Amino acid sequence: MKIQPATKEAFQLLLEGSLALAQVEANGIRIDTEYLNKATQQIETEIKEKTEALQKDKTFRIWKREFGDKTKIGSGDQLAHVIFSKLKYKCPGKTATGKYRSDQSAFEDVDLPFVKDWFKLDKLKNANGTFLNGIRREVVDGYLHPSFNLNTVETFRGSSSSPNFQNIPIRNPEIGKLIRQCFIPRKGRVLVEIDFGALEFRISAAFWADPKMIEYASDKTKDIHRDQAALCYKTSNDQVSKQMRYAGKNQFVFPEIYGSYYVQMARKLWESTSKENFKLKDDKTLVRDWLANNGIKSLGKCNPRQRTRPGTFEHHIKEVEDDFNRRFNVFASSKEKWWRDYQKRGWFRMLTGFIVSGVYSRNFLMNCPIQGPGFHCLLWSLIELQKWLNKYKFDTLIVGEIHDNILSDVPICELQDFLYAAERIMTKEIRKAWKWIVVPLEVEVDVTPVDGNWHQKAQWIENGSEWVPK
DNA sequence: CACTGGAGCCAC
DNA sequence: AAACGTGGCTCCAGTG
């Protein structure tokens with residue numbers, strides 16, 4: 001497959017990008033090595049205790065009898081064999097090679113404490129193995145220097161390795177805290193994380209040139225993820241809780257934009273409602289109960305070959321999807337034309353000047369022109385911000401990048417100037433340079449306490465004359 | 001013993 | 001017509 005940056009502009013972006021990222025790598029992130037060692041010791045003790053507890057369980061005796069000296073308590077395959085084959089619980093599916101699925105959701109309906117505890121232990125092992133150990137292995141004199149690559153990704157996004165700085169836990173609050181406490185600013189300083197808000201949706205609107213999407217991305221009172229959650233769960237916009245919005249974003253809007261369809265989305269959205277505490281914003285009503293009171297009591301068969309039955313959740317989500325495609329009808333038609341044109345030519349060009357040539361799936365065609373240019377907005381901003389810091393001889397250091405955000409280590413005396421400069425570059429300068437960004441861009445800023453840690457980051461806002469904690 | 005690929009988990 | 005995109009890393013299981 002021949003892939004290359006096609007224009008001078010695209011080439012320049014990669015060249016300057018690699019120079020700027022080399023600086024980021026050299027800067028490095030400060031690590032609280034004392035905490036890291038203490039946390040490792042504690043978690044290893046916990047892993048040992050929890051392992052011994054599992055080995056006393058009667059389910060483990062069955063396991064032992066089955067596998068003898070081949071017994072490996074960490075093996076998901078063996079766990080699945082014991083639960084689904086010996087104890088005859090129903091397995092919800094097989095993997096590509098015909099083995100039992102052994103991911104956590106495959107055991108959702110298994111009510112054995114042994115299984116719940118096994119997954120708790122598995123989470124701890126992952127936190128220790130991949131993250132705490134992964135970080136410690138790479139620390140040099142108290143600093144971590146992850147690689148930030150521009151040459152590994154099909155869509156011309158970036159990646160990170162040794163260690164991967166772009167998948168540090170955050171969604172699981174306990175594990176997130178455990179790991180993120182390792183990352184600290186230099187003495188007397190703060191860590192600052194600057195995100196593009198809803199970047200991929202904004203780029204989608206610009207790329208597909210859909211007036212209704214552009215309107216959505218341009219109107220501060222509108223929020224596509226919240227509004228679609230409301231439609232999916234039959235509530236008003238005001239009733240959408242944080243969890244509901246999260247589901248709307250990750251189980252409807254992104255899947256829909258990147259080529260999924262109502263059957264898959266209905267399953268996931270319905271699965272979310274079975275989580276405990278999946279409630280409306282009033283914090284009393286379970287979404288599952290709310291739906292039941294609104295005439296939707298079951299998911300439906302989810303068989304793509306059968307017509308959906310009115311009154312099922314699946315039927316409802318199909319209507320939400322139809323409505324989405326009607327409202328964003330330019331998006332719906334542009335993507336068909338985009339796919340047809342590619343099939344004729346065998347290559348396509350991104351808004352940032354990159355040419356992608358070769359055999360690709362339909363869904364790749366939908367994702368690549370959004371994912372690539374989204375990251376290019378970040379890379380362009382990082383380059384400009386680095387130049388600005390150099391020009392004015394700031395002590396602020398850019399220390400990392402995660403696809404749509406920049407992490408910096410900032411002396412408190414430079415914080416205000418730095419935030420104003422970053423905002424200017426990321427929302428104004430970039431639109432002067434790249435006219436195809438026909439939607440406003442926004443930044444979201446998080447700052448840690450002085451001498452705090454990454455886990456303690458909290459949102460800051462601009463109040464008209466300065467940046468302050470929200 | 002070295003290596004490989006599957007499966008799972010972490011992020012955006 | 002077909003059915004969610006991109007990565008990195010670890011452990012396990014199997015191979016030679």
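What you are looking at is a predicted structure, and each value in this text was computed from that prediction instead of being measured. To find a chain, count down the sequence lines: A is the first, B the second, and so on, and within it residues start at 1.
In this structure, CD1 of Ile170(A) is placed 6 Å from P of dC12(B), rounded to the nearest angstrom. Ile47(A) places its CD1 atom 10 Å from the P atom of dC11(C), with the value rounded to the nearest Å. Rounded to whole Å, the distance from CG on Asn126(A) to P on dC12(C) is 12 Å. Rounded to an integer number of Å, the gap from Leu79(A) CG to dG8(B) P is 11 Å. Taking atom CD of residue Gln104(A) and atom P of nucleotide dC9(B), one finds them 7 Å apart after rounding to whole Å.
Nearest nucleotide to the Ser162(A) side chain, out of dG8(B), dG8(C), dC9(C): dC9(C). Residue Thr130(A) places its side chain closer to dT10(C) than to any other of dC4(C), dT10(C), dG5(C). Of all nucleotides listed (dG8(B), dA1(C), dA3(C)), dA1(C) comes nearest to the side chain of Glu336(A). The side chain of Lys123(A) lies closest to dC10(B), out of dA1(C), dG8(B), dC10(B). Among dC4(C), dC9(B), dG7(C), the nucleotide with an atom closest to any side-chain atom of Tyr258(A) is dC4(C). Residue Phe131(A) places its side chain closer to dC10(B) than to any other of dC10(B), dG7(C), dA13(C). Each of dT6(C), dA13(C), dT10(C) was ranked by its minimum atom distance to the side chain of Arg137(A); first place goes to dT10(C). The side chain of Asp103(A) approaches dG8(B) more closely than any other nucleotide in the set dG5(C), dC12(B), dG8(B). When each of dG8(C), dC12(B), dC4(C) is scored by its nearest atom to the side-chain atoms of Ser159(A), the top-ranked nucleotide is dG8(C). Counting only heavy atoms from C-beta on, Gln371(A) has its side chain closest to dG5(C) among dC4(C), dG5(C), dG8(B).
OP1 or OP2 of dA13(C) has at least one side-chain nitrogen or oxygen of Ser75(A) nearer than 4.0 Å. A sub-4.0 Å separation between OP1 or OP2 of dG5(C) and a side-chain N or O of Asn363(A) is present. Phosphate contact (OP1/OP2 of dT6(C), side-chain N/O of Thr155(A), threshold under 4.0 Å): absent. For Ser102(A) and dG8(B), the shortest distance from a side-chain N or O to OP1 or OP2 is below 4.0 Å. Here Gln78(A) reaches the OP1 or OP2 of dA13(C): one of its side-chain N or O atoms lies under 4.0 Å away.
Ion pairing of Glu314(A) with Lys301(A) is absent here, as no side-chain N (NZ or NE/NH1/NH2) approaches a carboxylate O to less than 4.0 Å.
Proximity of Phe354(A) to Thr7(A): side-chain heavy atoms (C-beta onward) are nowhere separated by under 4.5 Å.
Interatomic distance, Ile203(A) CD1 to Cys377(A) SG, rounded to the nearest 0.5 Å: 4.0 Å.
Using a 4.0 Å heavy-atom criterion, one finds that Asp195(A) contacts no nucleic acid atom at all.
You can call Tyr261(A) stacked on the base of dA3(C); the centres are under 5.5 Å apart and the planes sit within 30°.
Between Tyr246(A) and His225(A), a ring centre-to-centre spacing not shorter than 6.0 Å is recorded. Note: Phe348(A) and Trp339(A) fail the aromatic proximity criterion, with ring centroids not under 6.0 Å apart.
No N or O donor and acceptor, one from the side chain of Arg171(A) and one from the base of dC10(B), sit under 3.5 Å apart.
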